[in-house]
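On a predicted model such as this, the values are computed, not experimentally measured, just so you know.
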Amino acid sequence: MASVLESCTYFVSNRLARETEKIAKKVYQPTGMNPTYSYVLMAIDEKKTVLLHDLADLMDYSPSTMSRFVDSLVKKGYVARDYQWRKVALSLTDSGTEMVKIAYQCLAKMDQETCRVFGSAEQRDRVVANLNEWTTTIETKAK
């Protein structure tokens, strides 16, 4: 019989997140930031300009949490905020454009590390696809 810790979706998914975080913290060390900040920069880079609330939705964070992330990136000089009445548009500064290049290099290293862990890119991609599918299912059915 499987232990409650081995059969509980909540515990196992959090354990996966903790182990993945350990890998990411090592891989993203060249940025000097927590990996989450690199993903914020990459998301802004992909959109070129994005509203704060849209970025929060995209990354599945509350607007207040995303605002704190952005505050830190603004202080570092990586992100510019443009206040547009009740909306806040975000874009990368020149420094942010340079930092996001490092973040993308770290992402490539993260891909290598996770492929090594899972055995191949195909296996890793199946895991990621399943996690995305299951997360979407939980989001839609748990409401």
Side-chain angles (χ1 to χ4, degrees), residues 1-81 83-84 86-93 95-143:
M1 184 170 145
S3 158
V4 68
L5 299 179
E6 295 171 332
S7 61
C8 174
T9 305
Y10 172 80
F11 184 80
V12 172
S13 63
N14 278 285
R15 183 172 163 224
L16 173 63
R18 287 190 301 274
E19 293 303 317
T20 305
E21 181 76 13
K22 289 176 190 175
I23 296 168
K25 283 184 176 183
K26 288 179 187 172
V27 168
Y28 282 90
Q29 279 181 338
T31 67
M33 300 181 294
N34 183 292
T36 301
Y37 292 96
S38 292
Y39 286 95
V40 171
L41 290 177
M42 289 185 283
I44 294 171
D45 184 58
E46 284 182 354
K47 300 289 185 181
K48 302 305 175 206
T49 300
V50 62
L51 297 177
L52 177 67
H53 276 72
D54 292 342
L55 183 60
D57 288 345
L58 178 69
M59 295 186 72
D60 201 23
Y61 284 104
S62 70
S64 62
T65 298
M66 184 56 68
S67 185
R68 285 192 302 277
F69 292 151
V70 168
D71 286 346
S72 178
L73 292 169
V74 168
K75 285 179 188 171
K76 292 178 183 294
Y78 299 146
V79 172
R81 277 189 280 226
Y83 294 94
Q84 303 171 347
R86 300 182 84 182
K87 298 177 182 178
V88 180
L90 307 170
S91 59
L92 296 181
T93 63
S95 296
T97 300
E98 291 305 310
M99 179 53 74
V100 83
K101 290 176 187 176
I102 297 169
Y104 282 121
Q105 290 170 357
C106 294
L107 177 62
K109 176 91 168 137
M110 185 73 181
D111 285 346
Q112 290 172 351
E113 287 298 309
T114 54
C115 287
R116 183 185 60 75
V117 168
F118 288 110
S120 70
E122 293 78 22
Q123 287 179 295
R124 188 263 335 263
D125 291 348
R126 276 197 303 274
V127 169
V128 171
N130 284 334
L131 290 170
N132 276 314
E133 181 183 335
W134 298 332
T135 301
T136 299
T137 299
I138 289 171
E139 287 171 341
T140 56
K141 292 188 177 181
K143 290 182 178 183

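Annotation: the span from M66 atom CE to M59 atom CE amounts to 5.0 Å, rounded to 0.5 Å. Here the CD atom belonging to Q84 is positioned 6.5 Å from the CG atom belonging to L51, to the nearest 0.5 angstrom. The CZ atom of R126 sits 6.0 Å away from atom OG of S120, with the distance rounded to the nearest 0.5 Å. With rounding to the nearest 0.5 angstrom, the NE2 atom of H53 is 9.0 Å from the OG atom of S62. The CG atom of L73 sits 8.5 Å away from atom OH of Y78, with the distance rounded to the nearest 0.5 Å. Rounding to the nearest 0.5 angstrom, the gap separating the NZ atom in K26 from the NZ atom in K109 is 10.5 Å.
Using a 4.0 Å cut-off between charged side-chain N and carboxylate O, D54 and K47 make no salt bridge. Electrostatic pairing of R18 and E21 does not count as a salt bridge here, judged by no charged N lying under 4.0 Å from a carboxylate O.
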From CA spacing to verdict: side chain to side chain contact (heavy atoms under 4.5 Å, CB included), V79, T93: CA-CA 5 Å; V79 172; T93 63; 5.7 Å; no

Stepwise side chain to side chain contact (heavy atoms under 4.5 Å, CB included) test for M110 and T20: CA-CA 10 Å; M110 185 73 181; T20 305; 3.8 Å; yes

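S13 contributes a side-chain N or O that, together with a main-chain N or O of Y10, makes up a donor-acceptor pair within less than 3.5 Å. Of the possible polar contacts, one joining the R124 side chain to the D111 backbone as a donor-acceptor pair under 3.5 Å is found. In terms of modelled atom types and a separation under 3.5 Å, the side chain of T137 and the main chain of E133 share a donor-acceptor contact.
When the side chain to side chain contact (heavy atoms under 4.5 Å, CB included) test is applied to E19, the partners found at least two apart in sequence or on another chain are K22.
Contact annotation: the side chain of K87 never approaches that of L52 to less than 4.5 Å [non-hydrogen atoms, C-beta and beyond]. Counting heavy atoms from C-beta on, the side chains of V117 and Q123 never come closer than 4.5 Å. In this structure, the side chains of L55 and L90 come closer than 4.5 Å at one or more pairs of heavy atoms.
Between Y104 and D45 the shortest heavy-atom distance is OH-OD2, 2.9 Å. The minimum heavy-atom distance linking I44 with S91 is given by the pair CG2-CA, 3.8 Å.
S67 and S64 share no side-chain donor-acceptor pair at under 3.5 Å.
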Under 3.5 Å, side-chain donor or acceptor atoms of residues 27-43 against the rest of the protein: list the pairs with distances, not counting sequence neighbours.
residue, atom, partner, partner atom, Å
Y28, OH, Y39, OH, 2.8
T31, OG1, Y28, O, 2.7
T31, OG1, M33, N, 3.1
T31, OG1, M33, O, 3.4
N34, OD1, T36, N, 3.0
N34, OD1, T36, OG1, 3.3

